[in-house]
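Working notes for the structure below.
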Amino acid sequence: MDLAQDREILDEFLVETSTNLSQLDLDLVELEQRPDDGELMNRIFRTIHTVKGTCGFLGLSGMEQISHVGENVLNRLRNRELRLNPMLVSLILDLVDALRVESASLQTTSKESGNGWEDLVARLKQAESMPATAAGPEVAESLAVLSTNQKPAAPPAPEAPDTTIRIDVGLADKLVNLVGELVLVRNQMLESGGESQARQRLNLITSELQESVMKTRMQPVSVVWNKLPRVVRDLGAQLGKQIQLVQEGSETEMDRGVIEAIRDPLTHIVRNSCDHGLERPEVRRERGKPEAGTLRLKAYQESGQVVIEVADDGAGINGEKVRNKALEKGLVTPQQVAVMSERQLQELVFLPGFSTADTVSSISGRGVGMDVVRRNIQRIGGSIELASQTGAGTLLRIRIPLTLAIIPGLLVTAGGQRFVIPQASLVDLVRASGAQVPKVMQWVDDNPVFRRNGRLWPLLFLKQVLGMEACDAGWCPEVLTAAFVEAKGRRFGLVVDAVQSMREIVVKPLGRKARGLNVYAGATILDDGNVALILDIAGLAQKAALECVEAPPEETQARGAGEGAARRTMLLVEAGEYKVLSTEPARLGGELPAIVVSHGAMRAALVVDRIRDIRSAGFSAERQVNHPAIECSAVFDGQVCDVLDLKSILEERKAAR
Amino acid sequence: MNAAAGGGKLVTFWCGGHLFGVPVNHVQEVLRDHPKTPVPLAPVAIGGVMNLRGRIVMEVRMNSLLGSEEPDGDASVIVRWEDELAALRVDRVGDVVELNGASPGGCRNEFRGRARELIREVYEWNDRLVLLLDTGAAVEMAWKRSQAIDRGD
């Protein structure tokens, strides 16, 4: 059979084989934990058998040959003639790798590599001819095994029909695009007024269609995680460490674009934890820990984001060691580190060119990775935080958007044009008017600054940076509206004409040439069909050659630590799609979460969708949204939340009565 | 870009006093007065971005490229260029010209100034010269040339 001619058959074979090989990786690692699981053993045997059969059918003699020898070894294992040991598992994993190399060769050249794999075959044959394990004490066991072995021979239980189909990613992307268009047309139609049943139905169907189509691009995080048991096992074997990998929430779904983007950073973090984090068994014993270290992966969705945690119970990050290393490499000055907390010291590992590994290992390299990891995660609008306790372990928490195609963004206007600020870079919104403006905004030479919490923050006039309008030094607007943004660790205020609303936007590429301008991250189509440009915050800062104040580290962040800013405790709730309180009478009945509030003699219950958290924050109580019920905005967990003015809501209700 | 590829047919349009042509199979559609959004900081020859059924298309102002001070016309010719689309803002759209009857009408070197860099070939048709536009060169020039001018002032 000429495989180059029958590319279709070959492609099908490659997809199937790749799935089978991934499954083998997982199964083999699992088998090592549960060597007596007869069903698992049989599954491994059958998978290899299938691979062998298909290779034979396609005339791939090399692959057939090595899987055949492997099958023989597995057969003896299955029959309990051989005892499973780590050496044998490694051997079979090597076989899986060899099959993978051959698949890759088929993929690119439509031919087998021509490598005879003599060494591998010899090792497999040697394993096959090893003397049978002493059968004496295991007779009873092998009887039991015999009965389990009969299971696969029995007619297989009727398999559930396969309910999945494979579709081309390009097609899925096109569908997403078209649905996006349909949504716009729907919005335009709804805006044009009129009420009819058909209109209503179109509205509902479109929303449902959009939701379903977006789901076609979703994949479980296990797509990436499946590779990790093998990675961790191999690393453990190589480093002489015992590592137990625990995965929670592997069914958590996210957009395939995001999945692709986190693949490398995640693998890097896991490698780092195995290499630098977890200690060797003897060290762990000395420290009174179980010999086997635990690496815990956890994924879950939280407020429109996916959170992935990688936690180890290893040595943790030693702040002192990190400090010395950073000083040695000249990454920080002694003055800088003198005032740093333990946590800030630990965060230094994110600096470019940093490494704490005493010996440079082949596994996680020179440790230059963490800044790259952070950069890659930030590139897709995510963030990474680190919490480590010396001696007890390290936790890395990655937050990433559910999808890259749709991101939340703040619609603002400047110079009569609308722009979008991605929420990922948004920190805070401030607004001042009238006599307040000169108090908070000042000019230092030619540079406008914003005074806040005892610090001066650089301001950037969006319309000036974009060359739409000049702003002379000393100029002072009637109303100052600024979005505080952060990019590449720098924070500044972006002055806009007005803030419109927070919305979900579909990100579209702006074309190769426009990327060169370096101030736009893309474009999006608004409800009215017009295009709005998405700002590239880092690019803007660079354009303005901004001498930015470095973003303050978490703990001392302007959250009320400064002068006079009132620090208040707030209840974080979700209500309605836009998180704006509905004034409609609440539908009562059933269990509804409600918060009871009182003001003076009035008591009222506010019905909400979900009560999320209690937070404390300091912020200026300046009203910035033209809604009487909203006092101001604050940012929690990277999301802009409206702070309700309960007093005015209650008084309004009272007046209405 | 080979004019013969479109069965020898060109979509023609006027701008800066010249009659330009683009092979018919490179033209996706012709739009009139399509709403667009300006792109601040882009070179002057970039008219803005428009929404073409969900695709973002960058507009090239042909008049500006040709150094003409005339106000832009209201027609946009959407052409496929590499794997992207570009909108050429022109004065007005002319006929579709069958090149079989046309003869090579001279050499592009006879043209002076900016027009020369935009022309691939020159044809004679009905006593007129039709200039076969090099779309790629037009887009490149729109981004490059005008940025240099921007820096100048």
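A, B, ... follow the sequence lines: proteins, then strands. Residue 1 opens every chain.
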Is it the backbone or the side chain of [X] that comes under 4.5 Å from a heavy atom of chain B, or both, or neither?
X	result
A:Leu510	both
A:Val531	both
A:Leu533	side chain

Margin query: Just checking B:Arg80: does its CZ atom have more than 12 heavy atoms from other residues, nucleotides or ligands closer to it than 6.0 angstrom?
Written below: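 Result for CZ/B:Arg80: enclosed.
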Margin query: Please classify the contact between B:Val57 and chain A as side chain, backbone, both or neither, with a heavy-atom cut-off of under 4.5 Å.
Written below: neither
Next item on the list: Check the angle between the aromatic planes of A:Phe461 and A:Trp443 and answer parallel, tilted or perpendicular using the 30° and 60° thresholds.
Entry: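 A:Phe461 vs A:Trp443 ring planes: parallel.
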Check: Hey, what's the ring geometry for A:Trp457 with A:Phe484, parallel, tilted or perpendicular (30° and 60° as the breaks)?
Finding: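 Perpendicular, since the angle between the ring planes exceeds 60°.
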Notebook entry, point to check: Pick from B:Pro35, B:Gly48, B:Pro40, B:Pro38: which one has the most heavy-atom pairs with chain A under 4.5 Å?
Noted result: B:Pro40
Next item on the list: Please report the closest heavy-atom contact between B:Met58 and A:Ala514, naming both atoms and the distance.
Entry: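 In terms of heavy atoms, the two residues are closest at CE-CB, 3.4 Å.
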Checklist line | Student check: side-chain heavy atoms of B:Val130 and B:Leu132 closer than 4.5 Å | finding: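 They are not in contact (no side-chain heavy atoms under 4.5 Å apart), so the answer is no.
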